[in-house]
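The structure appears below as structure tokens.
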Protein chains: 2
Amino acid sequence: MSDTRRRRVPRPVREQQIIDAAIQVFAKRGYHAASVDEIAELAGISKPMVYLYLDSKEGLFLACLRRETERLVAAFQAAAGEAHSPELRLQSGLDAFFTFVTEHRASWVVLHRQASELSPAIAAEMAQARRAVMEQVAGLARAGIADNTGGTRLDDEEADFVAHALVGAADTLTDWMERHPEESPERMTLRLMNMVWVGMRNVLEGEVWTPGEAGTTGG
Amino acid sequence: MSDTRRRRVPRPVREQQIIDAAIQVFAKRGYHAASVDEIAELAGISKPMVYLYLDSKEGLFLACLRRETERLVAAFQAAAGEAHSPELRLQSGLDAFFTFVTEHRASWVVLHRQASELSPAIAAEMAQARRAVMEQVAGLARAGIADNTGGTRLDDEEADFVAHALVGAADTLTDWMERHPEESPERMTLRLMNMVWVGMRNVLEGEVWTPGEAGTTGG
DNA sequence: AAGTAAACTTACTAAATAGTAACTTTACTG
DNA sequence: CAGTAAAGTTACTATTTAGTAAGTTTACTT
């Protein structure tokens, strides 16, 4: 309402608007089915502007990928950095993740659900972005469990296993969240921690689950 | 070597070969980037045959989706059906899942990593296929936990939460498996059960994880 | 060994769309 | 109030690729 006909937007602002639009369209259609024309239209400009500012469709996608990865990792780190124990850091980090995904659903789709159909250059950058997220979680898992058990340290392989399981669970749980809009990110985190935390300790303590011993360890 | 120039294959056989090829190409390139020409060439025939037998690109993709979903669900059910307790059924089911994914990696990519970029018709079928898999796991989770705790029953919402977390974890763990080829499906299942099973019981028993109580319940 | 139906091909059309060349318009500066 | 650089446009090309029409070849029957 402040300015209905605000043409002539300065470049840095326009670039972000283009990326905003691109994220929506990429998420909705997928990389190939997304047309640069549609992105340009949603951004309120014509196609050549997109090419002038972002070089190519691939460059545009990479810009989206970079910006959103940065935002997600920043949110995760900011949240985890505030907490005082490793366990609380994992909680805060998961919380930040669910909050981010709730508020930027399209971003997450772009970041995570475009595994195939991409050029090698994009695939490489994608893998790296994924590794960055995974490394955050793996770090917390490793530190958290080591702390709880008094010094024993998960080796990188096991921490990585845990991180993959956690990120995967969190990812798919975003589908569940869509059908349960009443569920807050905080409650999502609690539920997931409930499911996973005790088990994570078990893995480390050698308290192995074995088929057939159902119910003998608990309650 | 049995027959170097085996032209003129009967239709049912050729159809399966086309679907085989399509799965590889769809998994490698994604739905849109995959060209019917490439699929035809990989199948050892020319493009019009694909259209004659499978109607359209969409029909071809749906055929892939249906056949592989059927196979996965069948493998899961067969494995789970053999076991005698709900807990063992979940174990067997997970085991079957990891085995399937190991042996048919491309199928899993097609089934699971093509969320966007699809026509409404395909998206609908995809969602249904996903629900079928999810329902298997949710059923086992519900039954398994109810059994262990002596009759208390997870409501559908919670069983669904658990199922989403499990399927999501298993999905992303396939990435981890790729970098750990020495890890058998059986060991994957054990690790995941270790991480998750005790926690699942906790969720149900109201043994709530709360921030700050780290390490008070365990060893 | 014809006859025939199923298996298969070549060679096209039509549409979509990434990317560009050549231009026009606005806002700001001296 | 010119001059100019940044912001923006229209109108094209070149390529890719889903889908088809019209024809050819092989295997199997009688």
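Chain letters run A, B, ... following the sequence lines, proteins first, then strands; residues in each count from 1.
The separation between A:Arg14 atom CZ and D:dG8 atom P is 4 Å, rounded to whole Å. Atom CG in B:Leu54 sits about 14 Å away from atom P in D:dA18, given to the nearest Å. Atom pair B:Gln17:CD and C:dA7:C1' shows a separation of 13 Å (rounding to whole Å applied). One atom, CE of B:Met49, and another, P of D:dG19, lie 17 Å apart when rounded to the nearest Å. The CG-C1' distance, from B:Leu52 to D:dA22, rounds to 14 Å in whole Å. Put simply, NZ on A:Lys47 is 11 Å from C1' on D:dA11, counting in whole angstrom units. In this structure, B:Asp55 places its CG atom 10 Å from P of D:dG19, rounding to the nearest Å. Here D:dA11 presents its C1' atom at 12 Å from CG of A:Asp37, a figure rounded to the nearest Å.
Note on B:Ser46: a base of the nucleic acid sits closer than 4.0 angstrom, heavy atoms only. Residue contacts for B:Ala43: at a heavy-atom cut-off of 4.0 Å it reaches no nucleic acid atom on any strand shown. Looking at heavy-atom distances under 4.0 Å, A:Ala40 makes no contact with the nucleic acid at all.
At most 12 non-hydrogen atoms from other residues, nucleotides or ligands lie less than 6.0 angstrom from CD of B:Glu82. Around CD of B:Glu186, the count of heavy atoms belonging to other residues, nucleotides or ligands within 6.0 Å exceeds 12. No more than 12 heavy atoms of other residues, nucleotides or ligands sit less than 6.0 Å from atom CD of B:Glu70.
Using cut-offs of 30° and 60° for the angle between ring planes, the B:Phe26 and B:Tyr31 rings count as parallel.
No N or O donor and acceptor, one from the side chain of A:Lys57 and one from the base of C:dG19, sit under 3.5 Å apart.
Nucleotides of DNA chain C nearest to B:Pro12 and B:Pro48 differ in position, and the one nearer the 5' end is that of B:Pro12.
Across its full length, the helix from C:dA1-D:dT30 to C:dG30-D:dC1 shows an angle of 0° between the axes of its 5 terminal pairs at either end, rounded to 10 degrees.
What you find for A:Trp176 and B:Phe161 is that their closest heavy atoms are NE1-N, 3.4 Å.
For the pair B:Lys57 (side chain) and B:His32 (backbone), a donor-acceptor distance under 3.5 Å is present.
Distances shorter than 4.0 Å separate none of the side-chain N or O atoms of A:Tyr51 from OP1 or OP2 on C:dA21. Between A:Arg8 and the phosphate of C:dC28, there is no side-chain N or O to OP1/OP2 separation shorter than 4.0 Å.
Salt bridge annotation for A:Arg187-A:Glu183: present, with a cationic side-chain nitrogen under 4.0 angstrom from a carboxylate oxygen.
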